[in-house]
There are 2 protein chains.
Amino acid sequence: MSSASDREQAEAHLRAAGLKVTVPRIAVLDAVTGHGHLDADAVHARVASDHPSVSLQSVYNVLGDLSAVGLLRRIAPAGSPALYESRIGDNHHHVVCTRCHAVEDIDCVIGEPPCLIPADTGGFAIHTAEVTFWGLCGDCRRAVADLERLAPADAG
Amino acid sequence: MSSASDREQAEAHLRAAGLKVTVPRIAVLDAVTGHGHLDADAVHARVASDHPSVSLQSVYNVLGDLSAVGLLRRIAPAGSPALYESRIGDNHHHVVCTRCHAVEDIDCVIGEPPCLIPADTGGFAIHTAEVTFWGLCGDCRRAVADLERLAPADAG
DNA sequence: CGGGTTGTTTTGAGTGATTCAAAACAACTG
DNA sequence: CAGTTGTTTTGAATCACTCAAAACAACCCG
């Protein structure tokens with residue numbers, strides 16, 4: 001799913017960030033782009049299918065570097081390993097399923113960050129606000145409903 | 001700092017949650033209550049000073065149980081081990097220092113959760129919204145300012 | 001186009017936080 | 001007070017990730 005121009009864009013981004021253009025970096029960018037929220041292992045798996053010689057360590061290095069320069073975004077919901085996504089530059093948030101840890105993007109109802117300015121910053125110089133919603137994804141909702149039909153919580 | 005009535009309250013809470021009243025549980029509740037945001041090790045250290053026989057594993061068990069029934073709240077900012085706090089029942093949020101990982105409580109400017117209703121829930125049944133602010137705490141702000149005076153980022 | 005420098009990647013090992021499992025034990029029930 | 005059931009302990013194992021040194025490749029320059 002990667003065209004020549006994708007690759008050229010990736011190269012340009014890397015150079016703009018002062019990073020050398022290397023096989024692992026291009027491969028990681030390509031693996032993450034448009035594939036939702038992937039952990040290091042999943043990225044490695046995708047990368048390895050095209051470039052088996054790229055090590056998991058390199059994937060960790062690259063993911064760290066790319067996140068540091070802003071070419072990827074890293075999220076780390078409680079209970080999940082770090083996840084990486086290519087959707088950057090907007091300030092979207094995430095829903096995480098409390099049951100299966102599936103992650104989806106969420107746009108806040110309020111485009112601008114209004115609730116992202118706290119009443120009292122406690123002496124901190126705040127530069128980022130991160131919102132994580134927790135809930136049940138569609139599949140798990142159905143699964144839970146089925147379970148409760150079989151074993152009701154209370155016999156009212 | 002724990003009175004007899006504190007202890008009785010703790011016992012009542014445990015019983016109400018259907019949990020047996022045990023030394024480790026009372027000790028953990030006592031250790032966390034009113035002491036900010038503690039990780040499992042810190043809780044264990046506090047517990048151990050009064051009850052040296054309580055193992056770190058038990059502390060993990062107890063913290064997990066108490067969080068599960070809502071007697072403690074667990075937060076897990078990226079890059080930090082899980083932290084536990086006794087302030088429950090209100091929907092406050094947290095600031096985390098990006099440099100030293102210090103954590104403080106934050107009250108949202110908007111008391112009710114308004115931005116906590118996303119535009120499109122992506123099929124999820126959302127039950128919680130968690131806001132984490134990232135920034136520099138006072139100490140780290142000063143430290144960074146000092147560093148930049150010594151080694152300016154650009155020689156403009 | 002080829003050599004040198006510097007940044008990257010690989011290899012291999014190590015760590016910290018947390019979880020798992022089984023046996024010893026203690027709290028609550030009657 | 002004995003039995004049952006839930007907890008805690010002990011000990012080991014796992015997962016995600018980091019560290020360090022050596023091999024290597026990208027880019028700059030002539």
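These numbers were taken from a predicted model, which means no experiment stands behind them. Chain letters run A, B, ... following the sequence lines, proteins first, then strands; residues in each count from 1.
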* Under 4.5 Å between any side-chain heavy atoms of Tyr84(A) and Leu38(A), yes or no? -> no

* Euclidean distance, atom CG of residue Leu63(B) to atom C1' of dT8(D) [Å, nearest integer] -> 14 Å

* Structure fact -> Closest of dC17(D), dA27(C), dT18(C) to the Tyr60(A) side chain is dC17(D)

* Take atom CG of Leu56(A) and atom P of dC15(D), then tell me their distance rounded to the nearest Å. => 13 Å

* Residue-phosphate contact under 4.0 Å: Thr22(A) side-chain N/O, dT9(C) OP1/OP2 -> yes

* Could you check whether Val23(A) gets within reach of a base, just the sugar-phosphate, or nothing at all, counting any heavy atom under 4.0 Å? => nothing

* To do: Identify which nucleotide among dT8(D), dA16(D), dT18(C) has an atom closest to any side-chain atom of Ala82(B), counting heavy atoms from C-beta outward.
  => dT18(C)

* Determine the contact category for Val54(A): base if any of its heavy atoms lies under 4.0 Å from a base atom, sugar-phosphate if only primed atoms, P, OP1 or OP2 are that close, otherwise nothing. => sugar-phosphate

* Say you draw a straight line from CD1 of Ile26(B) to CG of Leu14(B); how long is it, rounded to the nearest 0.5 Å? -> 5.0 Å

* Asked: Rounded to whole angstroms, how far apart are NE2 on His101(A) and P on dA16(D)?
  -> 12 Å

* Structure fact -> Closest of dT8(D), dT9(C), dT19(C) to the Arg74(B) side chain is dT19(C)

* Asked: Which whole-number value in Å describes the distance from Arg25(B) CZ to dA27(C) C1'?
  -> 10 Å

* **Leu83(A) vs Leu19(A), nearer the 5' end of DNA chain D by closest nucleotide** => Leu83(A)

* Structure fact -> Between NE2 of His51(B) and P of dT7(D) the distance, given in whole Å, is 18 Å

* **Protein-nucleotide distance (Leu14(B), atom CG; dG6(D), atom P), rounded to Å** => 16 Å

* To do: Starting from the 5' end of DNA chain C, give me the residue, Val21(B) or Ala40(B), whose nearest nucleotide shows up first.
  => Ala40(B)

* **Nearest-angstrom distance from the residue atom CG of Leu38(B) to P of dA17(C)** => 14 Å

* Asked: Can you tell which of dG7(C), dT8(D), dT18(C) lies closest to the side chain of Lys20(A)?
  -> dG7(C)

* Side-chain heavy-atom pair Glu104(B), His93(B) within 4.5 angstrom cut-off -> no

* Asked: Does the side chain of Arg15(B) get closer than 4.0 angstrom to OP1 or OP2 of dC28(C) through an N or O atom?
  -> yes

* Asked: Is the shortest side-chain N to carboxylate O distance from Arg99(A) to Asp139(A) below 4.0 Å?
  -> no

* Asked: For Asn61(A) and dC24(D), what is the distance between atoms CG and P respectively, to the nearest whole Å?
  -> 17 Å

* Asked: Between the side-chain atoms of Gln57(B) and the base atoms of dT18(C), is any donor-acceptor pair under 3.5 Å?
  -> no

* Do the ring centers of His35(A) and His37(A) come within less than 6.0 Å of each other? -> no

